[in-house]
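Please see the structure below; I have some questions.
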Amino acid sequence: RMGYSSYFLIVWDFARFARSQQIPTTARGSACGALVSYVLGISDVCPIEYDLLFERFLDPSRTEAPDIDMDFCRDRRELVLQYVKEKYGHENVAQIGTFGTLKAKQAVRDVARALSVPTKRADEIAKMIPDTLNITLEKALDESAELREACEADAQVKEVITFGRALEGLAKSAGTHAAGVVIADRPLIEYVPLQKLSGKEDILTQWTEVEKAGLLKMDFLGLRNLSILDKAVINVRKHRGVDIVPKDLPLNDAETFALLQRGETKGIFQLESGGMRDLLTKMRPDKFADIIATSALYRPGPLEGGMVMQYVEVKNGLKQPEKVHPIVDAVLEETYGVMVYQEQVMRILNRLGGIELADSYKCIKAISKKKLDLIAKYKEQFLAGAQQNDMGADQAAGIFELIEKFAGYGFNKCVVGETRVLTDAESGTSATVNDLRTRLNAGQEVYVESIDWRTGRHVKRRIKEIHENGVQPIV
């Protein structure tokens, strides 16, 4: 009905090729909630078994295209890209381009060079700009009395700053996105402008938002963890003569859970930080659902709100789960009465409040984006539906208030084990929050990319602290 059958089949085809060549691959994200992904072998996760919702991935009223993110062994990702180019035509396939932009100090130095200002003087002007991350020349003039006075007293400095203000923020360099790939039915030159980087053969799009040209973007991400697992499988086969298929390993192995309960998880993907190991020893996981929950719980919102200890104490029989309403209790049973996943909130909005699943996702998005008119609309609908299910108005309002708080930190259950943050927009490099904490604790400077709400551009921000037990204001 929405015309995405071919999209699924294209993804199925290159996933099939990867598996036929023994290249580890798996889907991540909300696409795992689509039964078609599981049936086609794109994902190894059964959405029925894990209660994943298709509406988190796609619904007829959504305007944005679906997005299937695929992880591949980092060492052999290039083989899959080459297969796609050969199958669909080199002129029909391209990677997404990225652009580095001129920052304040670089703009000053570039302008000074063009105006034949001596290098020493250019450096002196640049040093007057405060070292504040992502500062603009306009803000620098406000914050630096030295720079302001130099502009007023020296015509050359004023000229450099004037031209610099006109140029800062413009694209300076081009790079390749770490994962984004476009496949078209005709040569891409008919759809979007293309380019090649100096010294490289890869064709890149000069548009970063190719969806606006009617194209679908696919993510081919090279994941180091899959490469490590692949090498482990090869080594076991070589030295022990045993063929291991990671996806077929049992999820109820007592010795594995004993290892997790002791916190012996150094080197295990997303479970190796000190705080995570401490959580594992307290939680004492004994089923796969507990492992899924650890990554969702081990974040500032749940830690600050006491949700983690509630999960731990109820799981270990130290307290009884709070009873709210038969519908709510049934939805939260697997997580001991704690809201952990967006899917759970969508179920509560749907079953208790009578809001369609597709609209329940829109409600969560509206809350996270602070769209007050939509929030008010869904709240009214929820309260009316809850009262039809024999819940008092005050209690229903309290439940909706909890949902509003949850929307600030709730995790999509499909991505809970794989979530990463962008650390460099130009190269597309990403890292887990645990990776960032490790680097920070080692004394390294840590930066992440975010969106400047004023300009809509990527900006790099320095992370000063990563807290394990509280929310800090973003500055």
Reported OG1-to-CG distance for the pair T26 and L229, which is rounded to 0.5 angstrom: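 Result: 11.0 Å between the selected atoms.
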With side chains defined as the heavy atoms from C-beta onward, is the minimum distance between Y378 and I367 less than 4.5 Å?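 Sidechains of I367 and Y378: no contact.
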Tell me, do I291 and F257 make a side-chain contact under 4.5 Å, heavy atoms counted?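 I291 reaches F257 side chain to side chain.
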For K231, look at atom NZ and say whether over 12 heavy atoms of other residues, nucleotides or ligands are found less than 6.0 Å away.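 Not buried by this count: 12 neighbours or fewer within 6.0 Å.
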Considering only NZ, NE, NH1 and NH2 on the basic side and carboxylate oxygens on the acidic side, decide whether K217 and D219 come within less than 4.0 Å.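 So K217 pairs with D219 through a salt bridge.
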Is the count of non-hydrogen atoms from other residues, nucleotides or ligands lying under 6.0 Å from D394 atom CG greater than 12?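 Not more than 12 within 6.0 Å, no.
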Only distances under 3.5 Å count here; give the side-chain donor-acceptor pairs of residues 13-21 to other protein atoms, sequence neighbours excluded, each with its distance to 0.1 Å.
unit_1, atom_1, unit_2, atom_2, d
D13, OD1, R16, NH2, 3.1
D13, OD1, Y83, OH, 3.2
D13, OD2, Y83, OH, 2.8
R16, NH2, Y83, OH, 3.0
R19, NH1, G41, O, 2.3
R19, NH2, T25, O, 3.3
R19, NH2, G41, O, 3.4
S20, OG, F17, O, 2.6

Could you tell me whether a side-chain N or O of N316 sits under 3.5 Å from a main-chain N or O of V312, the two making a donor and an acceptor?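 Yes, N316 side chain to V312 backbone: donor-acceptor pair under 3.5 Å.
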Which pair of heavy atoms, one from A104 and one from T136, lies closest together, and at what distance?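 Minimum heavy-atom contact is CB-C, 4.3 Å.
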So M70 and V80, do their side chains get closer than 4.5 Å, heavy atoms only?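 Not in contact.
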Listed partners of Y38 passing ring-ring contact (aromatic ring centres under 6.0 Å, His included), at least two apart: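 Applying ring-ring contact (aromatic ring centres under 6.0 Å, His included) to Y38 gives none.
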After noting the C-alpha distance and the side-chain angles of R351 and V331, does the key distance pass the side chain to side chain contact (heavy atoms under 4.5 Å, CB included) rule? CA-CA 9 Å; R351 294 177 182 174; V331 171; 3.8 Å; yes
With sequence neighbours excluded, what pairs up with D230 under the side-chain contact (heavy atoms from CB on, under 4.5 Å) test?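 By the side-chain contact (heavy atoms from CB on, under 4.5 Å) rule, D230 matches P24, C73, R76, I234.
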Polar side-chain atom of Y341 near backbone of A293 as donor-acceptor pair, under 3.5 Å: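 It does hold such a pair.
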Do F382 and C363 have side chains that approach each other closer than 4.5 Å (heavy atoms only, starting at C-beta)?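 Side chain of F382 against side chain of C363, heavy atoms only: no contact under 4.5 Å found.
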The criterion is side-chain contact (heavy atoms from CB on, under 4.5 Å); which residues satisfy it with Q395, sequence neighbours excluded?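 side-chain contact (heavy atoms from CB on, under 4.5 Å) check on Q395 returns V324, M391.
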Kindly write out the residues that satisfy side-chain contact (heavy atoms from CB on, under 4.5 Å) with K266, not counting sequence neighbours, or none if the list is empty.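 If we apply the side-chain contact (heavy atoms from CB on, under 4.5 Å) test to K266, skipping adjacent residues, the hits are R277.
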Residue pair R347 / L357, side-chain heavy-atom distance below 4.5 Å: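 Sidechains of L357 and R347: in contact.
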Identify the two heavy atoms, one from L279 and one from Y298, that lie closest to each other, and give their separation to 0.1 Å.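 Closest pair (atom of L279, atom of Y298, distance): CD2-CB, 4.0 Å.
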Is the closest side-chain heavy-atom distance between M218 and Y7 below 4.5 Å?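 A side-chain contact under 4.5 Å exists here.
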Would you say the side chain of V345 lies within less than 4.5 Å of the side chain of M339, judging by non-hydrogen atoms?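 Result yes, sub-4.5 Å side-chain heavy-atom pair found.
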Run F288 and N252 through side chain to side chain contact (heavy atoms under 4.5 Å, CB included) and show every step you take. CA-CA 7 Å; F288 188 64; N252 58 354; over 6 Å; no
Non-hydrogen atoms of A31 and I68 that approach each other most closely: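 Of all heavy-atom pairs spanning A31 and I68, the closest is CB-CG1, 3.9 Å.
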Does E138 CD have over 12 foreign heavy atoms under 6.0 Å away?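 Check fails, neighbour count at 12 or below.
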Atom of Y311, atom of E334 and distance for their closest heavy-atom approach: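 Result for this residue pair: OH-O, 4.4 Å.
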Heavy-atom neighbours of I48 CD1 exceed 12 at 6.0 Å: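 Incorrect, the count does not exceed 12.
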CE-CG distance between M276 and L297, expressed to the nearest 0.5 angstrom: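 Result: 9.0 Å between the selected atoms.
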Mind checking the CE-NZ spacing from M309 to K282? Nearest 0.5 Å is all I need.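 Answer rounded to 0.5 Å: 5.5 Å.
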Measure the CZ-CZ distance between R284 and R262 for me, rounded to the nearest 0.5 Å.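 Output value for this atom pair is 10.0 Å.
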Criterion side chain to side chain contact (heavy atoms under 4.5 Å, CB included) on Y361 and Q342, from CA distance to verdict: CA-CA 8 Å; Y361 178 63; Q342 288 181 358; 4.2 Å; yes
Which atom pair, heavy atoms only, marks the closest approach of G33 to P47?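 So the minimum-distance heavy-atom pair works out to O-CB, 3.8 Å.
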Between CZ on residue F72 and CG on residue L221, distance to nearest 0.5 Å: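 Answer rounded to 0.5 Å: 9.5 Å.
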Which one of D71, D69, D44 satisfies the salt bridge (Lys or Arg N to Asp or Glu O under 4.0 Å) criterion with R28?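 Testing each of D71, D69, D44 against R28, the sole residue satisfying salt bridge (Lys or Arg N to Asp or Glu O under 4.0 Å) is D71.
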Test item: P285 and L280 side chains (from C-beta on) under 4.5 Å apart, heavy atoms: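 Answer yes - side chains close enough.
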K377 bridged to D373 by N-O distance under 4.0 Å: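 The answer is no: the pair does not qualify as a salt bridge.
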Residues D131 and K105 bridged, charged N to O under 4.0 Å: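 K105 and D131: salt-bridged.
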Quick check: does any side chain N or O of N389 sit under 3.5 Å from a backbone N or O of G385, one acting as donor and the other as acceptor?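 It does hold such a pair.
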Working note: Q261 + D286, criterion side chain to side chain contact (heavy atoms under 4.5 Å, CB included); need CA distance, chi angles, decisive distance, verdict. CA-CA 8 Å; Q261 291 170 9; D286 54 13; 4.1 Å; yes
Does CD in E356 sit with more than 12 non-hydrogen atoms of other residues, nucleotides or ligands closer than 6.0 Å?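 It does not: E356 CD has 12 such atoms or fewer within range.
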Closest heavy-atom contact between V182 and L215?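 Heavy atoms only, the tightest pair is CG1-CD1, 3.8 Å.
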With T335 as reference, evaluate Q344, K315, Q310 under the side-chain hydrogen bond (donor to acceptor under 3.5 Å, both in side chains) test and give the passing residue.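 It is Q344, the one option of Q344, K315, Q310 that forms the side-chain hydrogen bond (donor to acceptor under 3.5 Å, both in side chains) with T335.
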Quick one: list whatever passes side-chain contact (heavy atoms from CB on, under 4.5 Å) with P130, sequence neighbours left out.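 With neighbours one apart ignored, the set is T132, I135, A140, E143, S144.
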Considering residues, nucleotides and ligands other than Q82, do more than 12 of their heavy atoms fall under 6.0 Å from its CD?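 Atom CD in Q82 is crowded, with more than 12 foreign heavy atoms closer than 6.0 Å.
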Rounded distance [0.5 Å steps], CG in L349 versus CD1 in I364: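 Spacing of CG (L349) from CD1 (I364) equals 6.0 Å.
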